[in-house]
Amino acid sequence: MISADSIMDGGMDLPRTMRENAGMSCTVSSAGANRSAADLPHLWLPYTQMQTAPFPVEAVRTSGSRITLADGCELVDGVAAWWTACHGYSHPHIQQALIQQASVMPHVMFGGMVHEPARRLAARLAALLPGDLERTFFTDSGSVAMEVAVKMAVQYHINRGTEGRTKILSFRGGYHGDTLGMMSICDPEEGMHSLFAGVLPKQVLADLPVDNASMARLEALLEKEGHTVAAIVTEPLVQGAGGMLFHSPEVLRRLRDLCDRHGILLILDEIFTGFGRTGTMFACQQADIVPDIVALSKALTGGTMALAATVARKSVFEAFLSTDGGKALMHGPTFMANPLACAVANASLDLFEQEPRLEQVARISEQLRRELEPCRTIPGVRDVRVLGAIGVVELEKIENPDVLRRAFVTHGTWIRPFRNIVYLTPAFTITPEDLSRLTSSIVTVLQDNA
């Protein structure tokens with residue numbers, strides 16, 4: 001494992017293989033050596049203990065799969081801006097759509113007024129998604145999209161006159177956002193939201209039904225408490241922030257069957273998995289099921305603008321139709337369906353139609369399997385797994401993720417380990433050479449610090 005002792009005088013004591021390839025490495029700036037993130041004026045960074053975290057690097061330019069830092073160092077981005085930049089940075093087609101829309105109408109309220117970019121995007125999503133997922137409610141972040149999905153599910157039952165279905169069933173290892181409502185359905189033991197246990201509404205937590213034993217436990221739980229459950233929520237195929245935990249399509253088929261039998265809605269959180277990341281356009285397609293509600297964000301705009309969508313089946317939407325105004329969905333973010341973001345999302349969908357994105361994902365998947373395989377023999381490595389354009393090296397533990405991150409920067413790569421995993425979620429357009437640079441940096445850093 002890498003320890004804090006490997007940081008020397010604001011930089012890294014570079015491993016031998018990195019010194020031999022100094023032309024492709026970067027030096028951690030000594031300017032930030034004795035400073036913490038708290039010394040950064042005015043800003044408050046996410047998921048960061050500002051007093052102890054190292055001073056951050058500063059990005060000044062992006063292109064393709066590269067990030068240029070203020071000191072001129074160029075990094076290969078291994079996480080595609082938190083899984084969003086599926087087409088790489090600064091794609092000219094997306095840039096042109098943004099410029100053109102900005103010159104016409106950068107924003108207009110979406111209350112009592114619509115516009116062509118939103119109408120077109122909603123129609124295209126309905127055509128891409130399986131079954132009768134046909135009504136889109138736009139928001140501006142994944143967490144809010146999930147808040148709307150849960151709100152839809154609870155009100156669906158209220159509007160239909162069903163009493164008592166006010167809880168959401170979610171799974172250990174799950175993550176659905178950091179807003180107050182979403183914290184209540186994240187895994188309470190993973191630590192990030194444990195401080196708020198006394199504030200959050202009590203929901204229903206279960207083990208994901210990955211085998212017969214966990215399936216039997218879930219069935220027993222639903223027999224006991226199913227009448228209180230409005231919806232089951234899960235991330236299909238991959239629990240992302242829970243540690244890139246994979247499960248089979250059969251799990252989704254089991255959940256669809258349970259929901260149908262118990263009169264419960266199925267909500268799929270495809271914020272991470274949607275738009276090709278797992279090898280199909282949407283993860284649920286691998287199970288051949290149709291959720292009642294799906295939440296989308298992240299790669300929706302190709303990593304360019306903030307936009308999210310909550311898409312409901314026809315039957316869900318129809319439960320809100322009434323002469324009673326109180327049965328309407330009372331939600332409306334100020335910047336919902338922002339025309340700039342919708343135009344960029346349409347441009348992103350153009351690229352999925354015009355360029356071989358899913359074929360690129362298949363190529364990335366094969367390369368990740370081959371080039372991460374040597375990690376299995378490194379002491380401290382527990383597992384290596386790949387699904388679509390997701391590659392994961394799971395360790396027994398990571399003592400200090402910040403130290404690992406700095407090590408990867410010295411190797412000319414931007415890789416952000418968390419929990420006990422080092423992972424890659426690159427842009428689908430990444431070159432084989434840049435992907436090899438990412439995988440080799442993982443192998444080298446873990447080997448030289450085992």
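Sequence positions, counted from 1, serve as the residue numbers for this chain. The analysis underlying the following values was restricted to heavy atoms, covering all of them including side chains, and did not include hydrogens, waters or symmetry mates.
- Between the side chains of E235 and T273, no donor-acceptor pair of N or O atoms lies under 3.5 Å.
- The main-chain N or O of T413 is never found under 3.5 Å from a side-chain atom of H411 such that the two would form a donor-acceptor pair.
- Salt bridge status for R313 with D132: present, with a side-chain N to carboxylate O gap under 4.0 Å.
- R256 and D260 are joined by a salt bridge, as a carboxylate oxygen and a charged side-chain nitrogen come within less than 4.0 angstrom of each other.
- Proximity of a side-chain donor or acceptor of S143 to a complementary backbone N or O of T179 within less than 3.5 Å is detected.
- A salt bridge does not link E373 to R370: none of the charged side-chain nitrogens sits closer than 4.0 Å to a carboxylate oxygen.
- Summarising the local packing, CG of D324 is surrounded by more than 12 heavy atoms from other residues, nucleotides or ligands at distances under 6.0 Å.
- The neighbour count for D288 CG, taken as heavy atoms of other residues, nucleotides or ligands under 6.0 Å away, does not exceed 12.
- In this structure a side-chain-to-backbone donor-acceptor pair under 3.5 Å is missing from T444 to S441.
- Here the OH atom belonging to Y89 is positioned 10.5 Å from the OG1 atom belonging to T429, to the nearest 0.5 angstrom.
- L446 is listed as a side-chain neighbour of L395, based on a closest heavy-atom distance under 4.5 Å.
- Side-chain contact, Q203 with S170: no donor N or O sits under 3.5 Å from an acceptor N or O.
- A donor-acceptor pair is defined here as one N or O able to donate and one able to accept, closer than 3.5 Å; such a pair exists between the side chain of D187 and the backbone of G173.
- When side chains are defined from C-beta on, I364 does not count as touching L424, because their heavy atoms never get closer than 4.5 Å.
- For the pair F282/L268, no side-chain contact is recorded, criterion being any heavy-atom separation below 4.5 Å from C-beta on.
- K224 contributes atom NZ, which lies 12.0 Å from atom CG of L222 (distance to the nearest 0.5 angstrom).
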Evaluate the side-chain contact (heavy atoms from CB on, under 4.5 Å) criterion for residues H262 and H227: first the C-alpha distance (whole Å), next the side-chain angles of each, then the deciding distance (0.1 Å), finally the verdict. CA-CA 8 Å; H262 289 272; H227 64 284; over 6 Å; no
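- Under the 3.5 Å distance criterion, the side-chain polar atoms of S63 are left unmatched by any main-chain donor or acceptor of R66.
- The backbone N or O of N346 sits less than 3.5 Å from a side-chain atom of R124, completing a donor-acceptor pair.
- In terms of heavy-atom proximity, A306 sits nearest to A341 at O-CB, 3.7 Å.
- In the displayed structure, Q51 atom CD is contacted under 6.0 Å by at most 12 heavy atoms of other residues, nucleotides or ligands.
- Between I94 and T301, the shortest heavy-atom contact is CD1-O, 4.2 Å.
- The side-chain contact (heavy atoms from CB on, under 4.5 Å) test applied to A97 returns A347, not counting sequence neighbours.
- Considering CG of L300 and CD1 of I271, their distance stands at 10.5 Å, rounded to 0.5 Å.
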Test side-chain contact (heavy atoms from CB on, under 4.5 Å) on V290 and L133; report intermediate values, then the result. CA-CA 8 Å; V290 181; L133 286 160; 4.1 Å; yes
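- Checking each of F171, Y175, F246 against Q239 for a side chain to side chain contact (heavy atoms under 4.5 Å, CB included) leaves exactly one that passes, namely F171.
- In this structure, the side chain of R277 does not engage the main chain of F272 through any donor-acceptor pair within 3.5 Å.
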Given V294 and C284, is the side-chain contact (heavy atoms from CB on, under 4.5 Å) satisfied, shown in steps? CA-CA 10 Å; V294 63; C284 63; 5.9 Å; no
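- A donor-acceptor contact shorter than 3.5 Å links the side chain of S90 to the backbone of T62.
- In this structure R217 satisfies the side-chain contact (heavy atoms from CB on, under 4.5 Å) test together with D207, A213, S214, sequence neighbours excluded.
- Put simply, the side chain of H157 gets close to the backbone of A230: a donor and an acceptor are under 3.5 Å apart.
- The closest side-chain heavy-atom distance from N449 to V403 is not below 4.5 Å.
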Would you please test L245 and L208 for side-chain contact (heavy atoms from CB on, under 4.5 Å) and show each step? CA-CA 11 Å; L245 306 173; L208 199 65; over 6 Å; no
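- Across every non-hydrogen atom of S184 and P201, the tightest pair is CB-O, 3.6 Å.
- Residues meeting the salt bridge (Lys or Arg N to Asp or Glu O under 4.0 Å) test with D211, sequence neighbours left out: none.
- Side chains of D292 and Y156: a donor-acceptor N/O pair is absent below 3.5 angstrom, by distance only.
- In this structure, Q354 places its CD atom where more than 12 heavy-atom neighbours from other residues, nucleotides or ligands lie under 6.0 Å away.
- With hydrogens and angles disregarded, no donor-acceptor distance shorter than 3.5 Å links the side chain of R254 to the backbone of M215.
- With values rounded to the nearest 0.5 angstrom, L75 atom CG is found 12.5 Å from F408 atom CZ.
- Between atom OG1 of residue T310 and atom CG of residue L329 there is a gap of 9.0 Å, rounded to the nearest 0.5 Å.
- Checked by atom type, the side-chain pair Q360/R357 shows a donor-acceptor distance below 3.5 Å.
- When all heavy atoms of A118 and A337 are compared, the pair lying nearest together is CB-CB, 4.1 Å.
- Taking 4.5 Å as the limit, every side-chain heavy atom of I293 sits out of range of all side-chain heavy atoms of V148.
- Ion pair E250/R253 flagged as a salt bridge, since at least one NZ, NE, NH1 or NH2 atom sits closer than 4.0 Å to an Asp/Glu carboxylate oxygen.
- Annotation for A309 and A145: closest pair O-CB, 4.1 Å, computed over non-hydrogen atoms.
- Using a 4.5 Å heavy-atom threshold, the side chains of E318 and N159 count as separate.
- Classification of K314 and E134 as a salt-bridged pair fails, no side-chain N sitting under 4.0 Å from a carboxylate O.
- Within the 4.5 Å cutoff, no side-chain heavy atoms of Y423 are placed close to those of I390.
- A 4.5 Å side-chain heavy-atom check between M50 and S36 finds every atom pair outside the cut-off.
- Using a cutoff of 4.0 Å between basic side-chain nitrogens and carboxylate oxygens, E219 and R261 are scored as salt-bridged.
- Ion pair E433/R437 not flagged as a salt bridge, since none of the NZ, NE, NH1 or NH2 atoms sits closer than 4.0 Å to an Asp/Glu carboxylate oxygen.
- To the nearest 0.5 angstrom, Q367 atom CD is 9.5 Å from L372 atom CG.
- Applying side chain to side chain contact (heavy atoms under 4.5 Å, CB included) to R165 and the options L265, I264, T228 leaves one that passes, I264.
- Closest non-hydrogen pair, I185 versus H176, comes out as O-CD2, 3.6 Å.
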